[in-house]
Amino acid sequence: MLEKTYDPQAIEQKLYEQWEDGGSFKIGSRDNAQPYTIVIPPPNVTGSLHMGHALNNTLQDILIRHERMRGRDALWQPGMDHAGIATQMVVERMLEAEGTKRRDIGREAFIDRVWTWKGESGGLISRQLRRLGASADWSRERFTMDEGLSEAVLKVFVDLYEQGLIYKDKRLVNWDPKLLTAISDLEVQQQEVKGHLWHFRYPIEGEEGRYIIVATTRPETMLGDTAVAVHPEDERYADLIGKHAILPLVGRRIVIVADEYADPEQGTGAVKITPAHDFNDFEVGRRHDLEMINVLDQEARINENAPEAYRGLDRFEAREKIVADLDALGLLEKIEDHTHMVPFGDRGGVPIEPWLTEQWYADAATLAKPAIEAVEQGKTRFVPENWTKTYYEWMRNIQPWCISRQLWWGHQIPAWYGPDETVFVAHDEAAAAEKARAHYGKDVELRRDPDVLDTWFSSGLWPFSTLGWPEKTPELERYYPTDVLVTGFDIIFFWVARMMMMGLHFMGEVPFHTVYIHALVRDEKGQKMSKSKGNIIDPLELIGEYGADALRFTLAALAAPGRDIKLSPQRVEGYRNFTTKLWNAARYCQMNGCVSDPAFDPSACTQTVNRWMVGEMARLRLRLDGALDAYRFNEAAQAAYQTAWNTFCDWYLEFTKPILSGGDEAAIEETRKATGWALDQLLLMLHPFMPFVTEELWQQLAPQGRETALIRAGWPEYGEEMVDAEASAEMDWVVRLISLIRGTRSEVNVPAGAKIAVLLKDLDATAEGRLERHRDLILRLARLESIGITTDIPKGSIQDVIDGATLVLPLADVIDIGAETQRLKKEIGKLEGEIGGLEKKLANEKFIANAPEEVVEENRERLAGAMQSRDRLNEALARLQAA
RNA sequence: GGGCGCGUAGCUCAGCGGGAGAGCACUACGUUGACAUCGUAGGGGUCACUGGUUCAAUCCCAGUCGUGCCCA
């Protein structure tokens, strides 16, 4: 017997172990089935499960479980990302706590420490994903730094280098002066900062007392100025173009150039040019062939290229001193408050410095071309579709991708340098030495490039590296291209774009045919969750309180495309109640001997209620598959919820009670089996959303156990052919009649416990048949003593109408004639309004001419129905007033 | 400045060319051997505004106002 209440904590872990240990998540047992593949967005090895993960993985699990039940050979490929900077920072903090630093212990020892850390503490998240119920094939779990994936990275680097798509270049990069590494454009966050705009006077050479005033937000970079730019059409400065200014504090002679970059509206219209420390100035410098003077070291301190007085000063100290010194010289014109955007490194959290260094780059523009075309040709499709535009925007304006990082944790770049700095890129040192020997004609000492690759370089290979590439494995052959990628929009550029480029380049095929982009999970007020705001909702806490199924169902139900999710615990509580409801319905079935029978044929039911219910299940199956195939998780969840709660629990189980307690053995038998069958169908169809409670019920309800666990059970395949339109119409009418009686009762305050007698007048043949067939359940559900047919209306009756009959409640003793008159008049008024509108519409020739025939017909029927109801109510009103 | 969204019941949101919906909250009543984590009933909306297209607009188009995000 089922427990009185459902306790998720008691069963979730047990079932998960049963699934995992039983190999339910594993591929390899369905060789004849069509594969279905999803690769997980690999969480950082440092990560722990947050609400975004919970959503992301719930959606993937719904898709995987759905397809697995449909019989596909479903692979959900799990794994983790080594997360270069994040992981290195974690271990560096540990070292710091021990009073040491990575440079003190050296590269090799440091990397050993990282691996040790990973072994001990890494991968917490994969245990947390299990608590969520994620049915990934953990036996295939991969890590971006494991041997196979590292091999893939090596091959990709070497191949791209040999194809000329990877190269070294010296240009400005985003330099993080705290982490001491270059980072990519994407890792830079622009933040609004309240700063100042300083106006300085630069003396004009040879014109005593004349100055050009430049405005800057970064005074410290003036030490590296090599020009002043003005707009070519700016008349204020026309005569200065080509002349020189003398750079104060430094004494350098710098040219005044005309360049459209100078905005006459901004500041003074004259702008100082520091080609080595600003991306825009760098371009100006190129155009005018200006000298680039680097005045900062790697930690953003003033270096030896600046006057001695400033050397060694931090960039912010230098700023203060320079302003003070210029002021002392009378060269400070003014200081304005100024709010502007400052680039920050997303990991280090300090302003990044555009800095001139040599780095490795990937030719993203070339790689992007096929990736753009693939989407244009529909080979990969974004859902919702509007993300396509975002993808194009970025891909069409893509910049060279800086792939080298000055870190230790990551894939070390397979490049070796000879004594004269000639570079040899090769799979390993031996191969590099081979190349060097060929180049120099002798053996030389080689030095390996110390840099590692951007983490996204390896995650870009994820859809094929996890399947075994560069080996030609059977898995690679079978599961690539994958089917759908499920992710948040924030990593379209970081990850999706890179996978598209790499997949097309190395596999010759798109990595997935669909990219489903889901929303962000926010708190209940719509704010982004963040540690600093303290509004983080921990998915594991919710799982602990309400169960994994409740959380999963909530996320699915709220996952409407294109809108962020505002998550409130109250909502989760509501879906927890739904699991309870399902549990109780199952208990009821069990108590009443309603168990499924493998021999039961739902299409052979004779009882109308059962035929109706079977049709409802078929409708649900169609709605669910339709919604899930379109990635409309919210619609799918809603459909399942409605059918389970409203249709099955509220109506069907109530409808069948009179049968089960009646004397018709054949009907009882059929109804028991039908009820057991229906519950099974609900468990099947709810399983992708709520795997735990459904599996538990599935197993507990089977008298002799089940052949297959629910996770591997077959998805329903029936459809329209199971819908008996007649039975549907009939039961809908019964529902309307019962609702009408209940509503009327409550409106005139008949006590809930009182059983009353009602009459039906002017029944048509259909209604009469329906009444006779369902008398018992109408009596029970409407709480009636009797329901009869009359041609006469007793005095003091309340009346209302339903299609095919007038409802009469003889309640002379409780009726308030005044109130009842008002009620009827109000209802008649409403109908009159509707009739007026419909008549007007149907009198419109253009409507008749242009609207589709079925719409016209529908309106005619509605008009007829409304008129009939109105007439019956008018009659009722007349009788009431006559009484 | 460019791009993408969103303004529908008190709240959170579905719907998106032909009869305004759900959940929660609220009100009233609790009766039936699954369920009070529940049941039944009820109140509550010029579908932001202004124009246009259409036989027909909450839905399509344009503009306005408000609001959010992404990129410069």
Side-chain angles (χ1 to χ4, degrees), chain A residues 1-2 4-6 185-186 189-190 279-280 341 343 384 386-390 392-394 397 489-490 492-493 519-520 522 524-528 546-547 550 554 557-558 560-568 570-571 573-592 594 632 634-635 637-639 641-642 645-646 649-650 653-654 657-658 661 679 738-755 779-783 834 837-838 840-852 854-856 858-859 861-863 865-866:
Chain A
M1 195 63 184
L2 289 169
K4 179 125 170 79
T5 50
Y6 171 57
D185 295 346
L186 289 171
Q189 305 286 325
Q190 300 291 335
F279 288 99
N280 288 310
M341 301 305 275
N386 50 300
W387 291 107
T388 314
K389 191 151 186 171
T390 307
Y392 286 149
E393 264 329 287
W394 190 70
N397 297 301
F489 61 84
D490 47 331
I492 291 180
F493 307 142
L520 219 62
R522 299 170 174 279
E524 51 199 311
K525 291 180 203 121
Q527 304 218 328
K528 208 166 164 171
Y546 302 110
T554 306
L558 294 177
R563 200 191 285 242
D564 285 346
I565 294 177
K566 287 180 195 155
L567 187 75
S568 76
Q570 197 183 37
R571 194 87 192 218
E573 189 182 336
Y575 289 114
R576 185 275 317 266
N577 296 352
F578 178 50
T579 61
T580 307
K581 185 74 183 177
L582 190 67
W583 184 266
N584 283 315
R587 278 184 78 226
Y588 165 84
C589 290
Q590 196 180 41
M591 288 167 147
N592 286 280
C594 300
R632 304 180 82 95
N634 60 323
E635 280 180 19
Q638 201 190 354
Y641 180 93
Q642 278 175 354
W645 199 317
N646 303 124
C649 293
D650 291 347
L653 292 184
E654 297 303 328
K657 281 176 183 172
S661 59
L679 180 61
I738 292 167
S739 301
L740 183 66
I741 298 172
R742 283 172 173 172
T744 312
R745 282 176 63 121
S746 137
E747 218 163 332
V748 297
N749 296 317
V750 176
K755 289 196 169 186
L779 290 177
R780 183 177 180 127
L781 298 191
R783 196 103 186 120
E834 198 183 330
L838 287 166
K840 199 175 149 196
K841 201 177 205 178
L842 286 161
N844 182 345
E845 282 170 34
K846 286 181 178 170
F847 172 68
I848 305 291
N850 293 317
E854 62 271 21
V855 172
V856 176
E858 190 196 320
N859 277 276
E861 278 168 20
R862 234 157 59 206
L863 178 61

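Within every chain, numbering begins at 1; the chains are lettered A, B, ... in the order of the sequence lines, protein sequences first and strands thereafter. Values below: every heavy atom of this structure, side chains too, minus hydrogens, waters and symmetry copies.
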- Item | Closest-nucleotide 5' rank along RNA chain B - winner of A:D650 and A:N646 | A:N646
- Message: Let me spell it out: for each of A:T579 and A:A560, pick the nucleotide of RNA chain B with the closest heavy atom. Which residue's pick is nearer the 5' end?
- Response: A:A560
Please determine whether a side-chain nitrogen or oxygen atom of [X] lies at a distance below 4.0 Å from atom OP1 or OP2 of [N].
{"X": "A:K389", "N": "B:G3", "result": "no"}
{"X": "A:R780", "N": "B:U32", "result": "no"}
{"X": "A:W394", "N": "B:A72", "result": "no"}
{"X": "A:N584", "N": "B:A34", "result": "no"}
{"X": "A:K657", "N": "B:A34", "result": "yes"}
{"X": "A:K4", "N": "B:C35", "result": "yes"}
{"X": "A:R587", "N": "B:U37", "result": "no"}
{"X": "A:N397", "N": "B:C71", "result": "no"}

Whole-Å [atom1] distance, [N] and [M]:
{"N": "B:G1", "M": "B:G45", "atom1": "P", "result": "40 Å"}
{"N": "B:A28", "M": "B:G66", "atom1": "C1'", "result": "38 Å"}
{"N": "B:A22", "M": "B:A14", "atom1": "C1'", "result": "7 Å"}
{"N": "B:G43", "M": "B:C35", "atom1": "P", "result": "30 Å"}

Can any side-chain N or O of [X] pair as donor or acceptor with the backbone N or O of [Y] at less than 3.5 Å?
{"X": "A:R745", "Y": "A:A782", "result": "yes"}
{"X": "A:E834", "Y": "A:A866", "result": "no"}
{"X": "A:R632", "Y": "A:A560", "result": "no"}
{"X": "A:R742", "Y": "A:R783", "result": "no"}

Rounded distance (Å) that lies between atom [atom2] of [N] and atom [atom1] of [X]:
{"X": "A:L653", "N": "B:U32", "atom1": "CG", "atom2": "P", "result": "18 Å"}
{"X": "A:R571", "N": "B:C11", "atom1": "CZ", "atom2": "C1'", "result": "11 Å"}
{"X": "A:N749", "N": "B:G43", "atom1": "CG", "atom2": "P", "result": "13 Å"}
{"X": "A:Y575", "N": "B:U12", "atom1": "OH", "atom2": "C1'", "result": "10 Å"}
{"X": "A:D564", "N": "B:U67", "atom1": "CG", "atom2": "C1'", "result": "13 Å"}
{"X": "A:Q590", "N": "B:G33", "atom1": "CD", "atom2": "C1'", "result": "15 Å"}
{"X": "A:Q570", "N": "B:G10", "atom1": "CD", "atom2": "P", "result": "17 Å"}

- Item | Aromatic A:Y641 / basic A:K581 pairing, under 6.0 angstrom, 45° off normal | no
- Message: If I compare all heavy atoms of A:T579 with all of A:R576, which pair ends up nearest, and what's the gap?
- Response: OG1-O, 2.5 Å
- Can you name the closest pair of heavy atoms from A:L558 and A:I565 and give their distance? O-CG1, 3.5 Å
Touch class at under 4.0 angstrom, heavy-atom based, for [X] against every strand present:
{"X": "A:R745", "result": "nothing"}
{"X": "A:C649", "result": "base"}
{"X": "A:P852", "result": "base"}
{"X": "A:T580", "result": "base"}

Any idea which of [options] is nearest the [X] side chain?
{"X": "A:K566", "options": "B:A34, B:C69, B:U12", "answer": "B:U12"}
{"X": "A:R783", "options": "B:C55, B:U37, B:U32", "answer": "B:U32"}
{"X": "A:N577", "options": "B:G18, B:A22, B:C38", "answer": "B:C38"}
{"X": "A:S746", "options": "B:A41, B:U31, B:C24", "answer": "B:A41"}
{"X": "A:Q190", "options": "B:G18, B:A14, B:A72", "answer": "B:A72"}
{"X": "A:N386", "options": "B:C4, B:U32, B:A14", "answer": "B:C4"}

Pair of N/O donor and acceptor under 3.5 Å linking [N] base with [X] side chain:
{"X": "A:R742", "N": "B:U40", "answer": "no"}
{"X": "A:E654", "N": "B:A34", "answer": "yes"}
{"X": "A:K581", "N": "B:C35", "answer": "yes"}

